[in-house]
Amino acid sequence: MIMKNEDKILRIRHSAAHVMAEAVLEMFPDAKIAIGPAIENGFYYDFDLPRSLKTEDLAEIENRMKRIIKENHPFVKKVVTKEEALEFFKDQPYKVELIKDLPGNEEISMYSQGAFTDLCRGPHVENTSGLNPEAFKLLSVAGAYWRGDEKNPMLQRIYGTAWNSPKELRVYLNHLKEVEKRDHRKLGRQLDLFSVHEEAGAGLIYWHPKGARIRSVIEDFWKGEHFKSGYEIIYTPHIGKSWLWETSGHLDFYSDNMYSPIKIDNADYYLKPMNCPFHILIYKTLMRSYRDLPLRWAELGTVYRYERSGVLHGLLRVRGFTQDDAHIICTPDQIEDEILEVLRFSLRMWEAFGFKDIKAYLATKPEKCVGDDKQWDQAVESLKAAVEKENLEYVPDEGGGAFYGPKIDLKIRDALGREWQMTTIQFDFNLPERFDMTFVDHDGKEKRPYMVHRALLGSLERFFGVLIEHYGGAFPVWLSPVQVQVIPVAKEFYEYAGETAKKLMAEGFRTYADLSGNRLNAKIRNAQNEKIPYMLVVGEKEEAENLVSLRDRNGNKKNLIPLMTFVEMVREKIKNKVLL
RNA sequence: GCCAGGAUAGCUCAGUGGCAGAGCAGCUCACUCGUAAUGAGCAGGUCGUGGGUUCAAGUCCCACUUCUGGCUCCA
């Protein structure tokens, strides 16, 4: 039998989950088993156990799994009726629930290996010997609600990873190590980029000078690109009275994510969780003609959203963040061009920051929604047309749109192959209605404009987190907080080093001279650890003829070159936004 | 919020009921030192917070805060 590789690895992982369940049942004969699917890179199984598992238990489960694998049990499939299945699993309440929920026409099958039988659609490897006892590893124990619903009991989930060969397992474990090394929280501290202060509030980010330098470069670039692309930039307040949020509907459908109000002069003010209502108020300060549209208004708008304490995560999940937000307000016949242009803009942005692998997710009309079918169709069509024109791979999510409009989300793949959802381009049929936005059309009649909400980078915090991990802290020169470190070989050359740094600063570079008491080797090492792109070593030879000796962070050297040659070279690299 | 595991010097971590430790970073001093750590010395902690058990608590118990890995959700 020939099977595709993907199919084979799924069988291995799914079978590993069954073997794990068998091992756990050996240790806890009264355990209730829930579900155990194959997932990306591995598998898990959920159990209801008499006691909580410790990390040490994983080793024992692993050993039992190895033994079971070596015992060479075939995986045997058996097709049963619903009644037979219910009878067989009568002591397994989770299985009973699953069986009861199976549609009547579906074939019900069970798979057995050795002493273990599970309700399962399959497929599996033919025999436990199809698993390599040295090519899997149990990774962690975690809590997980039965069927992902927090009203249900919490089960214990064991995560594992399984591969074709021990070598593949080693590669994957190394990948995990690399992920850990690049963790933005770790690099954020090592490179002195940002911090979070528990005593001052979780999920709130402090940007240190070096992180803020990067942010400032990002913001400048972002603003420039927006002006070039026909956007205006606006600024709006951080709080708004309850009238605003009642009108927008946020107090009805978004209040779980909003903070309690602040009382000012007997009125309730809320921290903004979104920028849209503010932008709309600006729109409504004038009568708008079709001649004024499209309007493209962007804001680096800082919003605050309540996130449950358990989900906060470094820069990637926070309670206060700055969206690179914009609203496009246009007439129905402008919408297709506008969407295409936003998408192109977004792709240009990602390219500039070094991300090339991008996938689109298109979410269409859900059952419950506002707006009429014609609007939805046109909106979805314009989204589809745009991704197709750009030859972007896209995954449709039928019925996955919000009640107020369809959207495209872009997921970008980073250097480690992980996908991050960043860009969102979202129609809104709700707010124009609620705020009674209008424009005067050719015929002199007031009509409702289309509104599109979009964030390209998503939020600056989250984007920065992804950027740090993508580059492992070694940013391209144009983004590096320090671009050039001037390193004198001994005290007598400190003056020349200082002058050199001053000249570079005058040329617009971010640069320092290392005038510490350290020795040359230590200075190089420090610059290297800070991942500074360029080091200029200066000593007697350099000072005599106004030269510098270049060493980049990859260790490449170019000795005794004129300072201006270096300046021209780096200027080119910055212009082209290359790594080094 | 829920499940599990953590919180000890600025950082990384050791310390299993009996005098709070190490390395790095910091500070001081010495060293004429060419591409990834020069050496010596000094200083640094209410052991996350509050309560309890004990002759004695970093260590055991309870509550809270917060972090990590998940569940749910999302920029």
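No hydrogens, no waters, no symmetry mates; every other heavy atom, side chains included, goes into these values. In the text below, chain A, chain B and the rest are named by the order of the sequence lines, each starting its count at 1.
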S.K.: If only side-chain N and O atoms of A:Asn521 are considered, is one of them under 4.0 Å from the OP1 or OP2 phosphate oxygen of B:rA37?
M.R.: yes
S.K.: Hey, are A:Asp48 and A:Tyr94 close enough side-chain-wise for a donor-acceptor pair under 3.5 Å?
M.R.: yes
S.K.: Does any N or O in the side chain of A:Tyr259 come within less than 3.5 Å of the main-chain N or O of A:Arg305, such that one atom is a donor and the other an acceptor?
M.R.: yes
S.K.: B:rU66 phosphate, OP1 or OP2: any side-chain N/O from A:His197 under 4.0 angstrom?
M.R.: no
S.K.: Could you check which nucleotide pairs with B:rG45 in any of the strands shown, counting Watson-Crick or G-U wobble with both distances under 3.5 Å?
M.R.: none
S.K.: Just name whichever nucleotide pairs with B:rA4, Watson-Crick or G-U, keeping both distances under 3.5 Å, else none.
M.R.: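 Partner of B:rA4: B:rU68.
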S.K.: For A:Asn529, report the nucleic acid contact type (base, sugar-phosphate, nothing); a contact means any heavy atom under 4.0 Å.
M.R.: base
S.K.: Once you apply a heavy-atom cut-off of 4.0 Å, does A:Glu542 come out as touching a base, just sugar-phosphate, or nothing?
M.R.: base
S.K.: Please classify the nucleic acid contact of A:Ala522 as base, sugar-phosphate, or nothing, using heavy-atom distances under 4.0 Å.
M.R.: sugar-phosphate
S.K.: Any idea which of B:rG34, B:rG1, B:rG69 is nearest the A:Glu540 side chain?
M.R.: B:rG34
S.K.: Under the 3.5 angstrom rule, does the side chain of A:Arg64 hit a backbone N or O of A:Ala23 as a donor-acceptor pair?
M.R.: no
S.K.: Let me spell it out: for each of A:Arg319 and A:Arg305, pick the nucleotide of RNA chain B with the closest heavy atom. Which residue's pick is nearer the 5' end?
M.R.: A:Arg319
S.K.: Please name the nucleotide paired to B:rA56 by Watson-Crick or G-U wobble geometry with both distances under 3.5 Å, or report none.
M.R.: none
S.K.: Could you state the CD-P distance from A:Glu543 to B:rU32, rounded to the nearest angstrom?
M.R.: 19 Å
S.K.: From C-beta outward on A:Met154, which listed nucleotide comes closest to its side chain: B:rC2, B:rU35, B:rG1?
M.R.: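 It is B:rC2.
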S.K.: So A:Gly143, base contact, sugar-phosphate only, or nothing? Heavy-atom distance under 4.0 Å.
M.R.: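 Here A:Gly143 touches the bases of the nucleic acid.
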S.K.: Looking for any heavy atom pair under 4.0 Å, which part of the strands does A:Ala142 touch: base, sugar-phosphate only, or nothing?
M.R.: base
S.K.: Roughly, in whole Å, what's the span from OH in A:Tyr304 to P in B:rA75?
M.R.: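 Checked: the OH to P distance equals 18 Å.
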S.K.: Please tell me if the side chains of A:Val387 and A:Ile408 come closer than 4.5 Å, counting only heavy atoms from C-beta onward.
M.R.: yes
S.K.: Just compare B:rA36, B:rC71, B:rG1 and give me whichever is closest to any side-chain atom of A:Ser309.
M.R.: B:rG1
S.K.: Determine the interatomic distance between P on B:rC24 and the same-named atom on B:rU65; round to the nearest Å.
M.R.: 38 Å
S.K.: Could you tell me how far B:rU12 sits from B:rG6 if I compare only their C1' atoms? Round to whole Å.
M.R.: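 That atom pair is separated by 15 Å.
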S.K.: If you look at every strand shown and take non-hydrogen atoms under 4.0 Å, does A:Tyr159 touch a base, only sugar-phosphate, or nothing?
M.R.: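 Answer is sugar-phosphate: A:Tyr159 comes under 4.0 Å of backbone atoms only.
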S.K.: Please measure how far the C1' atom in B:rU38 lies from the corresponding atom in B:rU32, and state the result in whole Å.
M.R.: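 Looking at atom C1' only, B:rU38 and B:rU32 are 14 Å apart.
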S.K.: Rounded to whole Å, how long is the line connecting atom CZ of A:Phe463 with atom C1' of B:rC74?
M.R.: 19 Å
S.K.: Determine the interatomic distance between C1' on B:rG44 and the same-named atom on B:rA36; round to the nearest Å.
M.R.: 28 Å
S.K.: Starting from P on B:rA40, measure out to CZ on A:Arg519 and report it in whole angstrom.
M.R.: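 In whole Å, B:rA40 P and A:Arg519 CZ are 12 Å from each other.
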S.K.: Whole-Å distance between B:rA25 C1' and A:Glu530 CD?
M.R.: 13 Å
S.K.: With rounding to whole Å, what would you report as the distance between B:rU53 and B:rA63 at their C1' atoms?
M.R.: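 Between the two C1' atoms, the distance is 15 Å.
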S.K.: Once you round it to whole Å, what is the distance between C1' of B:rC71 and OH of A:Tyr145?
M.R.: 6 Å
S.K.: Reckon A:Gln421 touches a base, only the sugar-phosphate, or nothing at all at heavy-atom distances under 4.0 Å?
M.R.: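 Counting heavy atoms under 4.0 Å across all strands, the contact made by A:Gln421 is with sugar-phosphate only.
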S.K.: Can you tell me the Watson-Crick or wobble partner of B:rA37, both distances under 3.5 angstrom?
M.R.: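 The base-pairing partner of B:rA37, which may sit in any strand shown, does not exist here.
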S.K.: Considering only atom C1', compute the distance from B:rA22 to B:rG15 and round it to an integer number of Å.
M.R.: 11 Å
S.K.: Could you give the distance separating B:rU66 and B:rG48 at their C1' atoms, to the nearest angstrom?
M.R.: 8 Å
S.K.: For A:Arg454, report the nucleic acid contact type (base, sugar-phosphate, nothing); a contact means any heavy atom under 4.0 Å.
M.R.: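 Contact class for A:Arg454: none.
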S.K.: Of A:Ser459 and A:Ala490, whose closest RNA chain B nucleotide lies nearer the 5' terminus?
M.R.: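 Nearer the 5' end of the strand: A:Ala490.
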S.K.: For a ring-ring contact (aromatic ring centres under 6.0 Å, His included) check, start with the C-alpha distance between A:Phe353 and A:Phe463, then their side-chain angles and the critical distance, and finish with the verdict.
M.R.: CA-CA 10 Å; A:Phe353 286 105; A:Phe463 172 64; 4.8 Å; yes
S.K.: Taking only N and O in the side chain of A:Arg189, is any of them less than 4.0 Å away from OP1 or OP2 of B:rC24?
M.R.: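 No, outside the criterion.
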S.K.: State whether A:Ser140 places a side-chain N or O below 4.0 Å from either non-bridging phosphate oxygen (OP1 or OP2) of B:rG70.
M.R.: no
S.K.: Is A:Leu155 touching bases, backbone alone, or none of the nucleic acid, heavy atoms closer than 4.0 Å?
M.R.: nothing
S.K.: Does the cation-pi check pass for A:Lys531 over A:Phe475, that is, NZ or CZ under 6.0 Å from the six-membered ring centre and within 45° of its axis?
M.R.: no
S.K.: Quick check on B:rU68: is either OP1 or OP2 less than 4.0 Å from any side-chain nitrogen or oxygen of A:Arg185?
M.R.: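 Yes.
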S.K.: Applying a 4.0 Å non-hydrogen cut-off, can you work out what A:Thr423 is touching in the nucleic acid: base, sugar-phosphate, or nothing?
M.R.: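 Counting heavy atoms under 4.0 Å across all strands, no contact is made by A:Thr423.
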S.K.: Tell me what A:Val318 touches on the nucleic acid: a base, only sugar-phosphate, or nothing, going by heavy atoms under 4.0 Å.
M.R.: base
S.K.: Of the options A:Trp245, A:Trp297, A:Tyr235, which is the one that meets A:Phe278 in a ring-ring contact (aromatic ring centres under 6.0 Å, His included)?
M.R.: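 Running ring-ring contact (aromatic ring centres under 6.0 Å, His included) over A:Trp245, A:Trp297, A:Tyr235 with A:Phe278 returns exactly one hit, A:Trp245.
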S.K.: Using the P atom as the reference point in each nucleotide, state the distance between B:rA7 and B:rC60 in Å, no decimals.
M.R.: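 Here B:rA7 and B:rC60 have their P atoms 10 Å from each other.
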S.K.: Provide the Watson-Crick or G-U wobble partner of B:rC74, both distances under 3.5 Å; none if there is no partner.
M.R.: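 Checking every strand shown, B:rC74 finds no partner, since no pair has both distances under 3.5 Å.
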S.K.: Can you say whether a donor on the side chain of A:Tyr306 sits under 3.5 Å from an acceptor on the base of B:rG1, or the other way round?
M.R.: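 Absent.
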S.K.: Ignoring hydrogens and angles, does a donor from either the side chain of A:Arg525 or the base of B:rA37 sit under 3.5 Å from an acceptor on the other?
M.R.: yes
S.K.: By the 4.0 Å heavy-atom rule, please label A:Arg157 as base, sugar-phosphate, or nothing.
M.R.: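 Result for A:Arg157 = sugar-phosphate.
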S.K.: If you only use heavy atoms from C-beta on, which nucleotide in B:rU35, B:rU72, B:rA75 is closest to the side chain of A:Leu520?
M.R.: B:rU35
S.K.: Considering residues, nucleotides and ligands other than A:Glu540, do more than 12 of their heavy atoms fall under 6.0 Å from its CD?
M.R.: no
S.K.: Taking A:Ser216 for the side chain and A:Ala212 for the main chain, is one N or O donor matched with an acceptor at less than 3.5 Å?
M.R.: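 Looks like no, no N/O pair under 3.5 Å.
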S.K.: Contact class for A:Lys541 vs. all strands (heavy atom < 4.0 Å): base, sugar-phosphate, or nothing?
M.R.: base
S.K.: Determine the interplanar angle of the A:Phe464 and A:Phe194 rings, folded into 0 to 90°, and report it as parallel if under 30°, tilted if 30 to 60°, perpendicular if over 60°.
M.R.: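 Rings of A:Phe464 and A:Phe194: perpendicular, as their planes differ by over 60°.
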S.K.: Going by modelled atom types, is there a donor-acceptor pair between the base of B:rA36 and the side chain of A:Arg551 at under 3.5 Å?
M.R.: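 Side chain to base: pair present.
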S.K.: In the structure shown, which nucleotide is the Watson-Crick or G-U wobble counterpart of B:rC24, with both distances under 3.5 Å?
M.R.: B:rG10
S.K.: Has the side chain of A:Glu307 got a donor or acceptor atom sitting under 3.5 Å from an opposite partner on the base of B:rA75?
M.R.: yes
S.K.: Is A:Met535 touching bases, backbone alone, or none of the nucleic acid, heavy atoms closer than 4.0 Å?
M.R.: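 Here A:Met535 touches no strand at all.
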